[in-house]
2 protein chains.
Amino acid sequence: MSTRSKRRSIMQDKIILGLLLDGDKSSYDLKKSMETSTGFFYNSSQGSIQPALKKLVQNGHVHLTEVRQGGRNKKVYSITEEGEKEFLSWASEPIALDKPRDPALVKMFFFNYVEDSRKLELIETYLNEIETVRSTLKMFQQMNREQLGKNQELLNNPRVRSRLDTLDFGSDYYDFLKAWYGKYAQKIIEELGP
Amino acid sequence: MSTRSKRRSIMQDKIILGLLLDGDKSSYDLKKSMETSTGFFYNSSQGSIQPALKKLVQNGHVHLTEVRQGGRNKKVYSITEEGEKEFLSWASEPIALDKPRDPALVKMFFFNYVEDSRKLELIETYLNEIETVRSTLKMFQQMNREQLGKNQELLNNPRVRSRLDTLDFGSDYYDFLKAWYGKYAQKIIEELGP
DNA sequence: ACTTGCATGTAAGTCGTTACATGATTGT
DNA sequence: ACAATCATGTAACGACTTACATGCAAGT
């Protein structure tokens with residue numbers, strides 16, 4: 001037994017448990033679910049999900065059932081009672097404040113080593129990338145809202161609600177980034193011209 | 001030779017090289033420098049800097065000199081020409097867009113599993129943490145501005161400038177977080193009371 | 001005398017990635 | 001027949017973290 005280990009991020013485990021609360025899933029389903037739900041802020045590879053599931057089965061938070069489906073063997077994972085208890089307990093623990101561990105900030109920090117004209121190029125390209133993700137998120141958000149407008153039951157479903165809240169955050173976050181780097185580029189231009 | 005490896009984050013290596021461009025440093029100095037400069041968005045442990053330096057020496061980006069200082073042996077690291085070339089080349093490469101890989105979003109995503117009153121508690125605590133960091137950053141920013149006000153030469157130093165820009169980003173980022181989670185809490189309260 | 005800071009390092013573990021490997025089923 | 005998607009898995013590596021270990025030097 002290790003006396004060490006403090007548990008730092010472990011976003012993956014919690015996301016797996018949380019998604020399994022929606023219903024049983026194969027590793028493949030899990031990957032797909034992650035892509036379309038937490039995907040914009042967290043998405044792990046299949047090669048990462050596989051050992052994570054193995055560990056969760058080992059520690060009893062997840063149960064594995066092998067089923068035959070369409071003449072094929074399939075491994076279906078479900079959350080156990082202990083897993084649910086663990087998850088629920090985590091969910092109401094304090095929210096840890098994280099650093100904005102963004103590689104873009106490292107570049108900005110050392111931006112004095114880049115020519116001004118090149119700086120502007122880089123920021124413009126970066127802004128385009130931000131806009132792409134931003135508009136995709138907004139579209140996704142809009143789609144969800146339209147679907148919900150037709151279905152009052154869904155709109156009052158707390159599960160759907162909190163998931164939309166993260167989408168709202170993402171959308172606002174990219175708005176913030178766009179505005180910030182837009183202003184930043186403007187500042188550089190002003191300093192450049194006499 | 002591995003045909004794999006794509007290089008993803010490697011913030012650490014770039015920060016080490018960039019800080020060594022300011023002047024030679026020991027591993028200890030490096031750690032201190034990181035804490036007080038990139039610390040608010042990136043800070044690595046000494047146990048991580050050590051092997052990173054070893055690797056950088058091995059691949060010729062950094063040079064190690066053992067000096068005697070005050071009757072004690074000291075290992076001083078300096079950036080080599082190749083290291084500088086590598087760094088400068090990286091600095092003008094495109095800025096990669098990153099995901100907001102924030103554990104707080106995972107919690108928000110599954111917030112339907114938390115009671116409303118507890119939610120508000122958690123957000124309040126979170127907001128307090130945000131405010132602590134925010135005010136520390138603002139203070140730091142103010143201090144820097146004051147120092148610069150007295151010294152025109154420094155204010156026109158591009159190195160100082162870009163470092164202040166990241167501070168500005170951090171400050172604005174925490175403003176954004178504070179505003180966002182403030183509104184979020186408000187929304188929850190409104191939905192709660194009929 | 002003692003604490004704090006300077007200074008360097010390793011061992012073990014965590015969390016994740018990319019690339020590779022394999023194969024069955026479904027739709028065109 | 002062939003491509004796409006469903007499905008599961010491993011090997012090697014990467015980028016860290018915490019905890020432990022050690023010891024000297026400077027200031028109080």
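Order of the sequence lines sets the chain letters (A, B, ...), proteins ahead of strands, with each chain counted from 1. No hydrogens, no waters, no symmetry mates; every other heavy atom, side chains included, goes into these values.
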Side-chain N or O of [X] versus OP1/OP2 of [N]: is the shortest distance under 4.0 Å?
X: Lys54(A); N: dT10(D); result: yes
X: Ser27(A); N: dT8(D); result: yes
X: Gln50(A); N: dT10(D); result: no
X: Tyr42(B); N: dC16(D); result: yes
X: Ser26(A); N: dT8(D); result: yes
X: Ser45(A); N: dT17(C); result: yes
X: Lys55(B); N: dA15(D); result: yes

- [ ] Answer with yes or no whether Gln46(A) presents, from its side chain, a donor or acceptor under 3.5 Å of a partner atom in the base of dG9(D).
- [x] yes

Specify the separation, in whole Å, of atom [atom1] of [X] and atom [atom2] of [N].
X: Glu35(A); N: dT5(D); atom1: CD; atom2: C1'; answer: 12 Å
X: Glu66(A); N: dA24(C); atom1: CD; atom2: C1'; answer: 16 Å
X: Lys74(B); N: dC6(C); atom1: NZ; atom2: P; answer: 10 Å
X: Gln58(A); N: dG13(C); atom1: CD; atom2: C1'; answer: 15 Å
X: Lys25(B); N: dA7(C); atom1: NZ; atom2: C1'; answer: 16 Å
X: Ile49(B); N: dG14(D); atom1: CD1; atom2: C1'; answer: 17 Å
X: Ile10(A); N: dT17(D); atom1: CD1; atom2: P; answer: 15 Å
X: Met11(A); N: dT14(C); atom1: CE; atom2: P; answer: 17 Å

- [ ] Please check if the side chain of Lys187(A) supplies one atom and the backbone of Gly182(A) the other of a donor-acceptor pair under 3.5 Å.
- [x] no

Open item on the list: Closer than 3.5 angstrom, by distance alone: can the side chain of Arg118(A) be matched with the main-chain N or O of Ser92(B) as a donor-acceptor pair?
Closed with: yes

Task: Parallel, tilted or perpendicular: rings of Tyr184(A) and Tyr181(A) (30°, 60°) - done: perpendicular

Counting any heavy atom closer than 4.0 Å, what does [X] reach on the DNA or RNA strands: base, sugar-phosphate only, or nothing?
X: Ser48(A); result: base
X: Asp13(A); result: nothing
X: Lys31(A); result: nothing

Open item on the list: Closest approach to the side chain of Tyr28(A), judged atom by atom: which nucleotide of dC6(C), dA7(D), dT8(C) is it?
Closed with: dA7(D)

Task: DNA chain C: 5'-proximal contact among Lys32(B) and Lys75(B) (nearest heavy atom) - done: Lys32(B)

Task: Over all atoms of both residues, closest heavy-atom pair of Leu127(A) and Lys178(A) - done: CD2-O, 3.6 Å

- [ ] Check whether Ile79(A) and Tyr28(A) end up in the same hydrophobic cluster, where Ile, Leu, Val, Met, Phe, Trp and Tyr are linked by side-chain heavy atoms less than 4.5 Å apart.
- [x] no

- [ ] Examine the side chains of Asn73(B) and Arg68(B) and answer whether a donor and an acceptor come within less than 3.5 Å of each other.
- [x] yes

